[in-house]
Amino acid sequence: GVGAAAVGKRGGRGGTATEAAGGPTPVRNVVFMGMGEPLNNYRAVTSAVRLLTDASLFGLRASSVTVSTVGVVPRMRSFAADLP
């Protein structure tokens with residue numbers, strides 16, 4: 001999986017479509033989906049979420065970050081406790 005460092009290196013910036021339209025637009029929402037079960041890569045996903053929601057880095061609201069899961073219940077409980 002993609003580690004938190006890779007997310008940070010990319011700067012949270014998407015792609016060429018926004019650049020072609022006149023410049024980059026700020027990232028407003030992030031969805032972890034379609035990359036395998038994110039909660040099976042728990043440390044990397046929680047690290048990335050922390051980076052994305054850190055006010056001194058990306059500053060996204062927690063409600064703007066979505067982690068899609070098939071329902072790994074023990075990890076869901078840990079996630080809720082670790083990232084309230």
Side-chain angles (χ1 to χ4, degrees):
V2 175
V7 172
K9 285 180 184 173
R10 287 200 55 200
R13 248 180 64 176
T16 58
T18 56
E19 291 170 355
T25 57
V27 173
R28 295 186 183 142
N29 297 292
V30 173
V31 179
F32 290 83
M33 177 181 190
M35 57 185 192
E37 173 52 48
L39 295 182
N40 286 339
N41 196 6
Y42 190 79
R43 282 187 298 185
V45 171
T46 55
S47 293
V49 170
R50 285 186 179 105
L51 288 172
L52 291 166
T53 57
D54 186 318
S56 67
L57 296 172
F58 296 95
L60 292 177
R61 295 180 320 242
S63 61
S64 296
V65 179
T66 302
V67 177
S68 178
T69 178
V70 297
V72 183
V73 176
R75 290 292 190 177
M76 291 169 67
R77 290 187 179 124
S78 297
F79 191 81
D82 293 341
L83 297 163

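Model, not experiment: these values are computed from the prediction.
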Apply side chain to side chain donor-acceptor pair (under 3.5 Å) to [X] and list each qualifying residue two or more places apart in sequence or on a separate chain.
X: Thr53; value: none
X: Asp54; value: Ser56
X: Ser68; value: none

* Structure fact -> Scanning both residues in full, the closest heavy-atom pair of Phe58 with Leu51 reads CD1-O, 3.3 Å

* Structure fact -> Closest heavy-atom pair, Val72 versus Leu39, reported as atoms and distance to 0.1 Å, is O-CD1, 4.2 Å

* Just wondering, more than 12 heavy atoms not from Arg50 lying within 6.0 Å of its CZ? -> yes

Identify all side-chain donor-acceptor contacts of residues 76-84 below 3.5 Å with residues at least two apart in sequence or on another chain.
| residue | atom | partner | partner atom | Å |
| --- | --- | --- | --- | --- |
| Ser78 | OG | Pro74 | O | 3.2 |
| Asp82 | OD2 | Tyr42 | OH | 2.6 |

* Could you state whether Leu52 and Leu57 fall into the same hydrophobic cluster, counting links through intermediate Ile, Leu, Val, Met, Phe, Trp or Tyr residues with side-chain heavy atoms under 4.5 angstrom apart? => yes

* Working to the nearest 0.5 Å, report the span between CZ of Phe32 and CG of Asn41. => 10.0 Å

